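Each remark here refers to the structure printed beneath this line.
Reckoned from all heavy atoms, side chains included, excluding hydrogens, waters and symmetry mates. Being a predicted model, the structure only gives us computed values, none of them experimental.
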Amino acid sequence: MFVGNEAEPAFTATSGLHGTALVVRASGELDHYHTPVLREEMGRAWSALPSQLLILDLSALTFCDSSGIGELLQVRHHGLSDGVRVILTGVQGNLARRLNLAGLTQVFEMFPSVAEALEAA
């Protein structure tokens, strides 16, 4: 039931530990207006990283534009610079199509789920 005037946020990013891996979960629309939210959460994640494994769970993304993809590329670049393995999980729909069209499916390490990424790591 909807109560009050507050709508659901268009985008959220949260992080938590799964064993020694840090998982950042993104939900909603990752676009020009919401990339700062992911950037802020990634700043917290990089400073709290307990190991050399970071998983970005994108299974709850409903939309991602080119600025969102740019932000994901920044995460990858940061990981490469720091020797951190960055894995994307749950890539589907709009994001999967955009990554494929841009030829980026070979750039990112991807798994269907967090569980499968953890198992492979």
Side-chain angles (χ1 to χ4, degrees):
M1 181 174 153
F2 181 78
V3 178
N5 291 329
E6 282 190 39
E8 288 291 315
F11 179 79
T12 59
T14 58
S15 54
L17 288 176
H18 276 267
T20 60
L22 187 65
V23 177
V24 176
R25 296 186 195 291
S27 176
E29 298 179 2
L30 181 55
D31 58 18
H32 172 74
Y33 298 105
H34 300 108
T35 54
V37 176
L38 179 60
R39 191 174 307 127
E40 185 177 320
E41 186 61 31
M42 289 308 306
R44 287 190 288 272
W46 291 123
S47 65
L49 198 62
S51 71
Q52 297 305 104
L53 179 61
L54 175 77
I55 298 172
L56 273 171
D57 180 8
L58 306 174
S59 59
L61 275 189
T62 56
F63 176 79
C64 185
D65 70 4
S66 58
S67 56
I69 290 172
E71 197 63 32
L72 296 177
L73 286 167
Q74 286 296 324
V75 170
R76 179 183 176 274
H77 178 72
H78 190 145
L80 288 172
S81 296
D82 288 1
V84 174
R85 184 176 177 189
V86 174
I87 299 174
L88 305 184
T89 63
V91 174
Q92 59 190 342
N94 163 268
L95 177 58
R97 284 187 300 279
R98 285 181 179 266
L99 291 177
N100 190 41
L101 286 171
L104 295 173
T105 55
Q106 303 305 314
V107 170
F108 290 103
E109 184 176 3
M110 295 188 281
F111 287 90
S113 69
V114 171
E116 289 171 269
L118 289 168
E119 189 177 307

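Shortest non-hydrogen contact noted between Pro50 and Thr20 is CG-O, 3.3 Å. Ile55 and Ala21 get closest at one heavy-atom pair: CD1-CB, 4.4 Å. The two atoms that bring Leu54 and Trp46 nearest to each other are CD2-CH2, 3.7 Å, heavy atoms only. Closest approach of Asp82 and Gln52 over heavy atoms only: O-NE2, 3.3 Å. Here the closest heavy-atom approach between residue Glu116 and residue Pro112 is recorded as OE1-CB, 3.3 Å. Annotation for Phe111 and Ala120: closest pair CZ-CB, 3.3 Å, computed over non-hydrogen atoms.
Both Val37 and Val75 are members of a single hydrophobic cluster when ILVMFWY side chains are connected at heavy-atom separations under 4.5 Å. Leu80 and Phe108 sit in two unconnected hydrophobic clusters of ILVMFWY residues. Membership requires side-chain heavy atoms under 4.5 Å apart, directly or through other members. Linking Ile, Leu, Val, Met, Phe, Trp and Tyr residues whenever their side-chain heavy atoms come within less than 4.5 Å leaves Val114 and Leu17 in two separate clusters. Hydrophobic cluster membership is shared by Val84 and Leu38, with clusters built from Ile, Leu, Val, Met, Phe, Trp and Tyr side chains linked at under 4.5 angstrom. Note: the hydrophobic cluster containing Val24 also contains Phe11 (ILVMFWY, side chain heavy atoms under 4.5 Å, direct or indirect links).
In this structure, the side chains of Cys64 and Ile69 come closer than 4.5 Å at one or more pairs of heavy atoms. Using a 4.5 Å cut-off on side-chain heavy atoms (C-beta onward), Thr89 and Val91 make no contact. The shortest distance between side-chain heavy atoms of Gln106 and Leu104 does not fall below 4.5 Å.
Put simply, CD on Glu119 and OG on Ser113 are 8.5 Å apart, with the number rounded to the nearest 0.5 Å. Between atom OG of residue Ser66 and atom NE2 of residue His32 there is a gap of 10.0 Å, rounded to the nearest 0.5 Å. Atoms CZ and CD, on Arg76 and Glu109 in that order, are 10.5 Å from each other to the nearest 0.5 Å. Atom CG in Leu58 sits 5.0 Å away from atom CG in Leu61 (nearest 0.5 Å). Between the NE2 atom in His34 and the CD atom in Glu29 there is a gap of 7.0 Å [rounded to 0.5 Å]. Distance CD/Gln74 to CE/Met42: 11.0 Å, rounded to 0.5 Å.
Remark: Gln92 CD is packed, more than 12 non-hydrogen atoms of other residues, nucleotides or ligands lying under 6.0 Å away.
Residues Ser15 and Glu41 bring a donor and an acceptor atom of their side chains to less than 3.5 Å of each other.
The one candidate from Leu99, Ile87, Leu56 that meets the side-chain contact (heavy atoms from CB on, under 4.5 Å) condition with Met110 is Leu99. Remark: of the listed residues Leu72, Leu30, Leu88, Leu72 is the sole one forming a side-chain contact (heavy atoms from CB on, under 4.5 Å) with Leu95.
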